[in-house]
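Just below is one structure, and these are the notes that go with it.
Note that the structure is a prediction, hence the values are computed from the model and not measured.
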Amino acid sequence: MPPILPEFSNSVKLKYVKLGYQYLVNHILTLTLIPIMVGIFIEVLRLGPDEILNLWMSLHFDLVQILCSTFLIIFIATVYFMSKPRTIYLVDYACFKPPVTCRVPFATFMEHSRLILKNNPKSVEFQMRILERSGLGEETCLPPAIHYIPPKPTMEAARGEAELVIFSAMDALFKKTGLKPKDIDILIVNCSLFSPTPSLSAMVINKYKLRSNIKSFNLSGMGCSAGLISIDLARDLLQVHPNSNAVVVSTEIITPNYYQGNERAMLLPNCLFRMGGAAILLSNRRSERRRAKYRLVHVVRTHKGADDKAYRCVFEEEDKEGKVGINLSKDLMAIAGEALKSNITTIGPLVLPASEQLLFLLTLIGRKIFNPKWKPYIPDFKQAFEYFCIHAGGRAVIDELQKNLQLSAEHVEASRMTLHRFGNTSSSSLWYELSYIESKGRMKKGERVWQIAFGSGFKCNSAVWKCNRSIKAPVDGPWADCIDRYPVHIPEIVKL
């Protein structure tokens, strides 16, 4: 007997129906105009040469009308191009690679913790449990002052770490781009917890003898999302200062902020934060268009500081013994989720294709009118972006965003591997993640990247970049000596 034919109606996969729907909605204008244009073309072909000539001769042109129309077209075009925002290019960037002598394997970290907190074994055990589940690897680094027992968080040591990180990143940027110090028109340095006098931006100006008329800014206290705030500030400045270069330096100085007390909520940052920094060159010069790596498309900032819980969920304060540390609230992930929701609600209409926006709108109307218990539709951001750079704040942050945005393991690979290799480097983590994607040779012309970062206050900021040219895998950079062995498997728990 011949095999029974399958039920074709059941074998059609829903994903193909969705793909057809997306293509139809996203190209509705094209699909509507093509038949109209074809009909007009066929009608023109039906006319004979004499009829076409008579139609042309029947048209009357008045010189005054032609001049007025030409002037109006030129005027409208001039107004349009003058009001159009300047294109902001990311020419290149450089990430700081800590020296091997600064590495802190798990065994070293726990041995130091036992010696520093020898009177409180429960705090040592707590740090060990956090480290086991952190997603960090054996090659993360802490500054030299933290390697002492007990640590020596002096002002001199903190300045030494800042000079090592920032100057190394700046030197690498100068080497990669051919930029000269005198060519920098705008300088922005962001570091959340270390804010000395003179500022870190003044330290950079002094080191490289930058021009006296440079526009410099130093941002502090703005958390791990300060890097994107700096990008937003640089964008605004480049809009009003033509033919300019802006350098953004993002880092976090660990030395003066290593907590030596016993409060568990304050011990958590010790386990996650590590050395890191990045220097980024932005420009609005048209001459940089060809060699620039990316073009800035959008920056969206969301601030939930009006809510008391959000304001205090990441809070620097003294413990009962008077020791200063960063207190991380238990409500942190819930507050981060609310901030993310506000951010994606704003950025969604800017980046999502029409098919996703229509589904979201229909679901929203259905919940308002018919049934509030309907499950809200989560837009498929994979339709808008090829790559995602999620702030490597911790394993829980990456897990939560992967779940909420329905991302695959490949989409969060750069974030997980950055956390494993470098730890939480605060505002610079996004650039280590972007460097990971480039080092894998994945970035192609026209592809889009979504950077998402969270910060104290509480803030959720995001930036959208579009690749300007296909990027070859770099032979230098922070991943140069280890990219071949990544990605690695990261177990749920690493037994120490």
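Not a single donor-acceptor pair under 3.5 Å links the side chain of Glu252 to the backbone N or O of Cys224. A distance-only check finds a donor-acceptor pair linking the side chain of Arg395 to the backbone of Glu492 [under 3.5 Å]. A donor-acceptor pair under 3.5 Å is absent between the side-chain atoms of Tyr148 and the main chain of Pro153, judged by distance alone. Without hydrogens or angle criteria, Arg448 side chain to Ala384 main chain gives a donor-acceptor distance under 3.5 Å. Looking at Ser435, its side chain never comes within 3.5 Å of a backbone N or O of Tyr432 through a donor-acceptor pair. With Asn424 contributing its side chain and Leu272 its backbone, the two residues share no donor-acceptor pair below 3.5 Å. No donor-acceptor distance shorter than 3.5 angstrom exists from the side chain of Ser168 to the backbone of Val165, with no hydrogens or angles considered. The closest donor-acceptor contact from the side chain of Thr108 to the backbone of Val104 lies at 3.5 Å or more, if one exists at all. A donor-acceptor distance shorter than 3.5 angstrom exists from the side chain of Arg211 to the backbone of Lys182, with no hydrogens or angles considered. In this structure a side-chain-to-backbone donor-acceptor pair under 3.5 Å is present from Thr251 to Gly276.
Between Phe174 and Lys180, the closest heavy-atom pair is CE2-C, 4.4 Å. The two residues Cys313 and Leu332 make their nearest non-hydrogen contact at SG-CD1, 3.9 Å. A pairwise comparison of heavy atoms in Leu228 and Gln451 identifies CD2-OE1, 3.6 Å as the closest pair. Here the closest heavy-atom approach between residue Asp380 and residue Leu352 is recorded as O-CD2, 3.9 Å. Scanning all heavy atoms of the two residues, the minimum distance from Ser415 to Ala392 falls at O-CB, 3.8 Å. Across all non-hydrogen atoms, the minimal contact from Thr255 to Thr154 is CG2-O, 4.2 Å.
Under the 4.5 Å side-chain criterion, counting only non-hydrogen atoms from C-beta, Lys440 is in contact with Pro487. Residues Phe109 and Thr140 form no side-chain contact, since every pair of their non-hydrogen atoms from C-beta on lies 4.5 Å or further apart. In this structure the side chain of Asn284 never reaches within 4.5 angstrom of the side chain of Gln239, judged on heavy atoms. Side-chain contact between Lys215 and Ile188 is absent, with no heavy atoms from C-beta onward closer than 4.5 Å. A 4.5 Å side-chain heavy-atom check between Val464 and Lys466 finds every atom pair outside the cut-off. Residues Cys271 and Ser134 form no side-chain contact, since every pair of their non-hydrogen atoms from C-beta on lies 4.5 Å or further apart.
Rounded to the nearest 0.5 Å, atoms CZ (Arg235) and NE2 (His298) are 9.5 Å apart. To the nearest 0.5 Å, atoms CZ (Phe96) and CD1 (Ile166) are separated by 10.5 Å. Here CG of Leu136 is found 8.0 Å from NE2 of His420. Values are rounded to the nearest 0.5 Å. Taking CG from Asp236 and NE2 from His241, the interatomic distance works out to 10.5 Å, rounded to the nearest 0.5 Å. For the atom pair Phe454 CZ and Glu400 CD, the distance stands at 9.0 Å (nearest 0.5 Å). Here the straight-line distance linking atom CZ of Arg133 with atom CD1 of Ile493 works out to 4.0 Å at 0.5 Å rounding.
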Report task. Go through the steps to decide whether Phe388 and His411 satisfy the test ring-ring contact (aromatic ring centres under 6.0 Å, His included), and finish with yes or no. Result -> CA-CA 6 Å; Phe388 297 80; His411 287 122; 5.4 Å; yes
Requested in this report: Carefully, step by step, assess Glu111 and Ile149 under the rule side chain to side chain contact (heavy atoms under 4.5 Å, CB included).
Outcome: CA-CA 10 Å; Glu111 182 184 2; Ile149 303 175; 6.0 Å; no
**Report entry** Residues Arg274, Cys141; criterion side chain to side chain contact (heavy atoms under 4.5 Å, CB included); working and verdict
**Finding:** CA-CA 6 Å; Arg274 297 293 186 265; Cys141 296; 5.7 Å; no
**Report entry** side chain to side chain contact (heavy atoms under 4.5 Å, CB included) between Lys293 and Glu438, worked out
**Finding:** CA-CA 10 Å; Lys293 284 186 172 182; Glu438 291 181 6; 2.9 Å; yes
Requested in this report: Assess whether side chain to side chain contact (heavy atoms under 4.5 Å, CB included) is satisfied between Trp465 and Cys467, documenting all intermediate values.
Outcome: CA-CA 7 Å; Trp465 303 90; Cys467 187; over 6 Å; no
Give every donor-acceptor pair under 3.5 Å between a side-chain atom in residues 202-209 and any protein atom, sequence neighbours left out.
| unit_1 | atom_1 | unit_2 | atom_2 | d |
| --- | --- | --- | --- | --- |
| Tyr208 | OH | Phe167 | O | 3.1 |
| Tyr208 | OH | Asp171 | OD1 | 2.7 |
| Lys209 | NZ | Asn206 | O | 3.0 |

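A donor-acceptor contact closer than 3.5 angstrom is absent between the side chains of Glu413 and Tyr486.
Note on Lys382 versus Glu410: no salt bridge recorded, every NZ/NE/NH1/NH2 to OD/OE distance being 4.0 Å or above. Ion pairing between Lys341 and Glu338 holds under the 4.0 Å rule for side-chain N and carboxylate O. Salt bridge Asp481/Lys97: present, at least one basic N to carboxylate O contact under 4.0 Å. With respect to the salt-bridge test (charged N to carboxylate O, under 4.0 angstrom), the residues Glu125 and Arg129 qualify.
Partners of Ala310 according to the side chain to side chain contact (heavy atoms under 4.5 Å, CB included) rule, which considers only residues two or more places apart in sequence or in another chain, are Lys304, Asp307, Ile335, Phe458. Legend: residues meeting side chain to side chain contact (heavy atoms under 4.5 Å, CB included) with Ser283, ordered by chain and number and at least two apart, are Val91, Asn245, Arg285, Glu288. With sequence neighbours excluded, the residues satisfying side-chain hydrogen bond (donor to acceptor under 3.5 Å, both in side chains) with Asn262 are Asn120. Residues meeting the side chain to side chain contact (heavy atoms under 4.5 Å, CB included) test with Ala334, sequence neighbours left out: none. Applying the side chain to side chain contact (heavy atoms under 4.5 Å, CB included) test to Ala94 and every residue at least two apart in sequence or in another chain returns Ala172, Leu173, Lys176.
Annotation: Trp479 is in aromatic contact with Phe422 [ring centroid separation under 6.0 Å].
Test Val324, Ile326, Leu268, Asp319 against Tyr259 for side-chain contact (heavy atoms from CB on, under 4.5 Å) and you get one pass: Asp319.
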